[in-house]
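Just below is one structure, and these are the notes that go with it.
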Amino acid sequence: MNEARAGAGGSAPTVLRMILGRRLQEMRHDAGVSLDDAARALRVKPLTIRRLEKAEVGLKILYVEKLLQTYGAGQQEIDEFVVLAERANEPGWWHPYRDVVPAWFTAYVSLETGAKVLRTYEPHYVTGLLQTPAYARATLGGGFPNDSAGDLERRVDLRLRRQSLLEKPDAPTLWVVMEETVLHRVVGGPEVMREQIDRLLEVSELDHVSLDIVPFSASAHVGACAPFTYFRFQEPELPDIVYSEILSAAVYLDQRSDVVAHLEAHNRLSLMTSSADSKALLNRMRKEYS
């Protein structure tokens, strides 16, 4: 994936498609086949092979079969790979919401669904996985002011459905670092904020959720930047990935230097507070909204 800026178009890669793309790349390397040679086997441009390996396009079954034959795979291995490729091409559970979700964000939902560890930095709002319905409705309404009431509710519904991954038996580990600013930004009114803080206090008791709030007293620090999310996966084929969002697009990073820089920033930020201090701050802020 390297540094990929996701804009208005394109197809969101599922985690399985990313895994299979990397396997195709590894098999090509092991077979000593160049990009040009693989492209000639399919009668396509080398860019097409690269895009298949980077999970930037769907896995065409005829292409997959021909490539595996070119790489010397046996028929059983080809058959097993094709079954996985067909699964990888199936729409994700979020597909029905594609008309109200930016194309560049559907990849995020796929990564979020498949990750074993998520580490998030949020300087502006409560992270989506921990938002209450009322808080989500207020933030999304502000972010998409021209939405119809129906479209807004569908955005809210998608956000709430994403939260179900925290309730699974094999739920991922979620580590959220937020700025104290988040608690002072009155989203939806005092009652909404009080309910949201109750939710944060509730989830902070879960074994697989950590919540650190960087206080105002921390002054200037390395995290004073855009929000980002770090993903780690159980599958060894997948690298760690960092997602960072701007107003109308997003960037996905898997270069080790970029990932390490964000991971170190998250570590430094978490050292500026403690879970006990964060809970105390939440309780103080709750009283202010009472």
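Side chains included, hydrogens not; waters and symmetry mates left out as well; all remaining heavy atoms used. Positions are given from 1 along the sequence.
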Can you confirm whether [X] sits close enough to [Y] that some side-chain heavy atom of one is under 4.5 Å from a side-chain heavy atom of the other?
| X | Y | answer |
| --- | --- | --- |
| Leu59 | Arg17 | yes |
| Val203 | Arg199 | yes |
| Leu42 | Ile49 | yes |
| Leu160 | Pro133 | yes |
| Thr139 | Gln131 | yes |
| Val214 | Met178 | no |
| Phe233 | Val15 | yes |
| His95 | Glu90 | no |

Inspect the contact between [Y] and [X] and indicate whether a charged nitrogen and a carboxylate oxygen are less than 4.0 angstrom apart.
| X | Y | result |
| --- | --- | --- |
| Lys279 | Glu205 | yes |
| Arg22 | Asp254 | yes |
| Arg28 | Glu53 | yes |
| Glu153 | Arg137 | yes |
| Arg256 | Asp240 | no |

Nearest 0.5 Å, what's the [atom1]-[atom2] distance between [X] and [Y]?
| X | Y | atom1 | atom2 | value |
| --- | --- | --- | --- | --- |
| Glu180 | Ser217 | CD | OG | 7.5 Å |
| Leu174 | Thr229 | CG | OG1 | 9.0 Å |
| Arg51 | Lys45 | CZ | NZ | 11.5 Å |
| Glu80 | Leu68 | CD | CG | 11.0 Å |
| Leu282 | Met285 | CG | CE | 9.0 Å |
| Tyr230 | Leu111 | OH | CG | 13.0 Å |

>> Checking Gln69 against Glu65: is there a side-chain donor and acceptor pair closer than 3.5 Å?
In response: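 Absent: no donor and acceptor within the cut-off.
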
> Would you say the side chains of Tyr71 and Asp30 form a donor-acceptor pair under 3.5 Å?
Replying inline: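 No - no donor-acceptor pair under 3.5 Å links their side chains.
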
Main-chain N/O of [Y] paired with [X] side-chain donor or acceptor, under 3.5 Å:
| X | Y | answer |
| --- | --- | --- |
| Glu237 | Ile19 | no |
| Thr48 | Val44 | no |
| Arg268 | Leu263 | no |
| Thr273 | Asp212 | no |
| Ser204 | Ser275 | no |
| Gln196 | Leu130 | yes |
| Gln234 | Ala115 | no |
| Ser278 | Ile213 | yes |
| Arg232 | Lys116 | no |
| Tyr121 | Val176 | no |

Cluster question for you: counting only ILVMFWY and a side-chain heavy-atom cut-off of under 4.5 Å, with indirect links fine, are [X] and [Y] together?
| X | Y | answer |
| --- | --- | --- |
| Leu165 | Tyr243 | yes |
| Leu140 | Val126 | no |
| Ile197 | Leu166 | yes |
| Val101 | Val109 | yes |
| Trp94 | Leu129 | yes |

What closest approach, in Å, do [X] and [Y] show between heavy atoms, and which atom pair accounts for it?
| X | Y | answer |
| --- | --- | --- |
| Ala88 | Leu20 | CB-CD1, 4.0 Å |
| Ala73 | Ile78 | O-CD1, 3.8 Å |
| His124 | Pro227 | CD2-CD, 4.3 Å |
| Tyr252 | Ala107 | OH-CB, 3.4 Å |
| Ala218 | Met272 | CB-SD, 3.9 Å |
| Pro46 | Leu35 | O-CD2, 4.2 Å |

>> Are Phe228 and His262, when compared by the centres of their aromatic rings, separated by less than 6.0 Å?
In response: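 Yes; His262 has its ring centre under 6.0 Å from that of Phe228.
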
> Are the aromatic ring centres of Phe231 and Tyr108 under 6.0 angstrom apart?
Replying inline: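 Yes, they do, as the ring centres are separated by less than 6.0 Å.
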
>> Does atom NZ (Lys168) have a neighbourhood of more than 12 heavy atoms from anything else shown, all under 6.0 Å?
In response: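 Count over threshold, so yes.
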
> Counting only heavy atoms not in Arg87, do more than 12 fall under 6.0 Å of its CZ?
Replying inline: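 Incorrect, the count does not exceed 12.
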
> Who passes ring pair (Phe, Tyr, Trp, His ring centres under 6.0 Å) against His29, sequence neighbours left out?
Replying inline: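 Expected list: none.
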
>> Between Asn89 and Lys60, is the side-chain contact (heavy atoms from CB on, under 4.5 Å) condition met? List the steps.
In response: CA-CA 9 Å; Asn89 286 333; Lys60 292 185 178 180; over 6 Å; no

> Taking only residues two or more places apart in sequence or in another chain, which ones pass salt bridge (Lys or Arg N to Asp or Glu O under 4.0 Å) with Asp37?
Replying inline: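 Once residues adjacent in sequence are excluded, the partners of Asp37 under the salt bridge (Lys or Arg N to Asp or Glu O under 4.0 Å) criterion are Arg40.
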
>> Please enumerate all residues that pass salt bridge (Lys or Arg N to Asp or Glu O under 4.0 Å) together with Arg194, with sequence neighbours excluded.
In response: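 Residues passing salt bridge (Lys or Arg N to Asp or Glu O under 4.0 Å) with Arg194: none at all.
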
>> Taking the cut-offs as 6.0 angstrom to the six-membered ring centre and 45 degrees off its axis, would you call Arg23 and Phe81 a cation-pi pair?
In response: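 Output no; distance or angle outside limits.
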
>> The test is side-chain contact (heavy atoms from CB on, under 4.5 Å); show your working for Tyr125 and Arg185 and say whether it passes.
In response: CA-CA 8 Å; Tyr125 298 98; Arg185 177 172 284 110; 3.6 Å; yes

>> I need the single residue from Leu47, Val64, Val57 that forms a side-chain contact (heavy atoms from CB on, under 4.5 Å) with Leu52. Which is it?
In response: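 When side-chain contact (heavy atoms from CB on, under 4.5 Å) is applied between Leu52 and each of Leu47, Val64, Val57, only Val57 qualifies.
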
> Is there a side-chain contact (heavy atoms from CB on, under 4.5 Å) between Leu183 and Leu200 once you walk through the steps?
Replying inline: CA-CA 11 Å; Leu183 303 179; Leu200 294 176; 4.2 Å; yes

> Mind checking whether Tyr97 and Trp93 have parallel, tilted or perpendicular rings, split at 30° and 60°?
Replying inline: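 Aromatic pair Tyr97/Trp93 classed perpendicular.
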
>> Determine whether Arg159 and Arg155 satisfy the following criterion, side-chain contact (heavy atoms from CB on, under 4.5 Å), listing intermediate values before the conclusion.
In response: CA-CA 6 Å; Arg159 182 159 294 182; Arg155 291 186 197 275; over 6 Å; no

